[in-house]
Amino acid sequence: MLLSLLKIIGFLAIAAALAYGASFLLETPGGVTIAFGAREFALTPIGFVLALVALVIAAIILLKIFGFIVALINFVFGDETAITRYFTRNREKRGLDALTGSLLALASGESTLAMRKANKADRLLNRPEITSLVTAQAAEMSGDRAKALGLYKSMIPDQRTRFAGIQGALRLKLEAGETDTALALAQKAFALRPDNQSVLRTLFDLQSKTEDWSGARSTLNATLHARMLPRDVGTRRDAILSLADARKAHLNGDAARGHEAARQANKLAPALVPAATLASEAHLDRGSKRRASKVLVSAWIANPHPDLAAAFARIVPDETTAARRKRFEALINAAPRHSESRLLAAELALADEDFPAARKALGDLTETEPTTRSLAIMAAVERGQGAPEAVVRGWLAKALSASRGPQWVCDKCNHVHAAWVPVCESCGAFDTLDWKTIPNAADSGLAQSTMLPLIVGSGDPEPVAEPGPAETGPPVEDAVLAERTA
């Protein structure tokens, strides 16, 4: 408001000054005489002022015309002038407009328009360090992978665009399934930007899939240094890498290195079941049954698991059922209320033919957590106590349709695994397997791990008689029962 008022006052002041000046010139007597050779020009004062203004304007116009002629001559002979700069600016403006249109089309998912605009920008700007990336992304969106890859490769020699070119080529190689090439590109990208989060994640995933565990550990350290992971997550991943390295060493026949890596994995993550089982085997190979038992009991407290019980059984493989039942009390008492401890106690009692104790240990698990395992144990208890065959078959029928209980399941894709692995067999994700129950997982195709033969020390079930004419239950029911009572 104040600024507008000042502008109005200024305009009025200038108009008043001009009016006063014009009035003064009109009232001034006399005139101005200009003599040029033999000629004289007589002008009034105001006429003289107007003639002077016209002369100045004419001089400015003449100077502009002269400058234009000079610029035109220079343009013809190739020198950079205002005209060339004008056309250059105009070309750059159109190129930048095309580049902007290509970026907007990319954001909108319009691949054809993005490609057309990108080509136009590349032609007008002649700045490959600017347009190559956009053109490559447009080609990638339109499905022209070969052109996109060529553009990404052309960006690699330029220091300014090298990282972006490697990233683009890496993405295309990953989509094409060329893991080895992608790994090499990821390592180059890591050398350029060791703290880039995307590069660290991609490199770690590729190293895990190719079982380069030492390289993955270096990448994990860089990830922790970049503060991309919480410290506890990093420690667990380090434990899994040590465990995977231990398994690989065992496969290669390097038992000493495998045992050391297994103990390191168990030290980093005592509750990790596969690390505890492998560490217990390492202690057994060194003749230390006490340490092997201690490792398994510690893991059982945090995460009771059938694999831990199986490893605990292997500590003394040739003991009697009564002795084994007594020795397993240390494991069961570590987590007595857990369903896995109760199932283990029931199986041990069955192996010792103590059917009342087996029923007591099982408790209400058949109602609260009805699984193939708990229901099959109940069928074995009923048969052992002389229950009618119809009762036994009733429990077996429930067992066949019940949940298989906890399994190794990938949290990312829900793929069920027969055994724990560091990398999901389906989606390739690292450290995503969890021991949990999937509802209605009867179609998983994985049989529940059989604990009783491991506890008893026998691997083969007893022969199963074919059902008679009066027996209508499916033969697989007898197989389940035989497997649980062998």
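Throughout, numbering of the chain's residues begins at 1 and tracks the sequence. The structure presented is a predicted model; accordingly, all values stated were derived computationally and were not measured.
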Legend entry - Single hit among Q264, R263, R257 for side-chain hydrogen bond (donor to acceptor under 3.5 Å, both in side chains) with E260: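 Among the candidates, only R263 passes.
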Inset, instruction - Indicate whether the side chain of R217 and that of S242 have a donor and an acceptor atom separated by less than 3.5 Å. - result: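 On atom types as modelled, these side chains qualify, holding a pair under 3.5 Å.
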Legend entry - Polar side chain donor-acceptor pair, Q207 to T219, under 3.5 angstrom: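 A donor-acceptor contact under 3.5 Å links the two side chains.
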Measuring only between side-chain heavy atoms, which start at C-beta, is [X] closer than 4.5 Å to [Y]?
{"X": "C424", "Y": "C413", "result": "yes"}
{"X": "L343", "Y": "L365", "result": "yes"}
{"X": "T366", "Y": "L375", "result": "yes"}
{"X": "R116", "Y": "S102", "result": "no"}
{"X": "P274", "Y": "R247", "result": "yes"}
{"X": "L296", "Y": "S293", "result": "no"}
{"X": "D122", "Y": "K117", "result": "no"}
{"X": "I315", "Y": "R327", "result": "yes"}

Legend entry - D97 vs K93, salt bridge (Lys or Arg N to Asp or Glu O under 4.0 Å): CA-CA, chis, key distance, verdict: CA-CA 6 Å; D97 290 341; K93 181 179 181 302; 3.3 Å; yes
Whether over 12 other heavy atoms sit under 6.0 Å from [X] [atom1]:
{"X": "K326", "atom1": "NZ", "value": "no"}
{"X": "R145", "atom1": "CZ", "value": "yes"}
{"X": "R162", "atom1": "CZ", "value": "yes"}
{"X": "K188", "atom1": "NZ", "value": "no"}
{"X": "D158", "atom1": "CG", "value": "yes"}
{"X": "E178", "atom1": "CD", "value": "yes"}

Using a strict threshold of under 4.0 Å (side-chain N to carboxylate O), is an ion pair present between [Y] and [X]?
{"X": "E340", "Y": "R373", "value": "yes"}
{"X": "D411", "Y": "K436", "value": "yes"}
{"X": "R89", "Y": "E92", "value": "no"}
{"X": "R325", "Y": "D354", "value": "yes"}
{"X": "E382", "Y": "R359", "value": "yes"}

Search all heavy atoms of [X] against all heavy atoms of [Y] and return the closest pair with its distance.
{"X": "I166", "Y": "L185", "answer": "CG2-O, 3.4 Å"}
{"X": "P304", "Y": "H338", "answer": "CG-CG, 3.6 Å"}
{"X": "P406", "Y": "T437", "answer": "N-OG1, 3.2 Å"}
{"X": "A334", "Y": "W300", "answer": "CB-CD1, 4.0 Å"}
{"X": "L106", "Y": "Q137", "answer": "CD1-OE1, 3.8 Å"}
{"X": "L433", "Y": "A419", "answer": "CD2-O, 4.1 Å"}

Do the side chain of [X] and the main chain of [Y] share a donor and acceptor less than 3.5 angstrom apart?
{"X": "S298", "Y": "K294", "result": "yes"}
{"X": "N266", "Y": "A262", "result": "no"}
{"X": "R91", "Y": "L124", "result": "yes"}
{"X": "N196", "Y": "S198", "result": "yes"}
{"X": "D364", "Y": "E367", "result": "no"}
{"X": "T235", "Y": "R231", "result": "yes"}
{"X": "S108", "Y": "E110", "result": "no"}
{"X": "T371", "Y": "R404", "result": "no"}
{"X": "T202", "Y": "V199", "result": "no"}
{"X": "T432", "Y": "C410", "result": "no"}

Nearest 0.5 Å, please: how far is [atom2] in [Y] from [atom1] in [X]?
{"X": "T372", "Y": "K398", "atom1": "OG1", "atom2": "NZ", "answer": "13.5 Å"}
{"X": "L203", "Y": "L170", "atom1": "CG", "atom2": "CG", "answer": "9.0 Å"}
{"X": "T131", "Y": "N126", "atom1": "OG1", "atom2": "CG", "answer": "8.0 Å"}
{"X": "I332", "Y": "L348", "atom1": "CD1", "atom2": "CG", "answer": "5.0 Å"}
{"X": "D431", "Y": "I240", "atom1": "CG", "atom2": "CD1", "answer": "3.0 Å"}
{"X": "S208", "Y": "L220", "atom1": "OG", "atom2": "CG", "answer": "9.0 Å"}

Inset, instruction - Using the side chain to side chain contact (heavy atoms under 4.5 Å, CB included) rule, take N303 and L272 through it: C-alpha gap first, then chi angles, then the decisive distance, then the call. - result: CA-CA 8 Å; N303 188 16; L272 186 61; over 6 Å; no
Inset, instruction - Report yes if the distance between the aromatic ring centroids of H283 and H259 is under 6.0 Å, otherwise no. - result: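 Ring centroids of H283 and H259 are no less than 6.0 Å from each other.
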Inset, instruction - Tell me whether the centres of the aromatic rings in W408 and H415 are closer together than 6.0 Å. - result: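 No.
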Legend entry - R383 vs E389, salt bridge (Lys or Arg N to Asp or Glu O under 4.0 Å): CA-CA, chis, key distance, verdict: CA-CA 7 Å; R383 175 168 288 181; E389 190 66 22; 2.6 Å; yes
Legend entry - L362/R342 under side chain to side chain contact (heavy atoms under 4.5 Å, CB included): CA gap, chis, key distance, verdict: CA-CA 6 Å; L362 197 60; R342 296 164 66 183; over 6 Å; no
Inset, instruction - State which residue, out of K173, R171, Q167, fulfils the side chain to side chain contact (heavy atoms under 4.5 Å, CB included) condition with Y152. - result: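 Result: among K173, R171, Q167, R171 is the only option passing the side chain to side chain contact (heavy atoms under 4.5 Å, CB included) with Y152.
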Inset, instruction - Would you sort out whether M228 and L224 count as a side chain to side chain contact (heavy atoms under 4.5 Å, CB included), showing the intermediate values? - result: CA-CA 6 Å; M228 287 176 53; L224 292 173; over 6 Å; no
Legend entry - Working for side chain to side chain contact (heavy atoms under 4.5 Å, CB included), residues E140 and L172: CA-CA 9 Å; E140 188 177 348; L172 290 177; 3.7 Å; yes
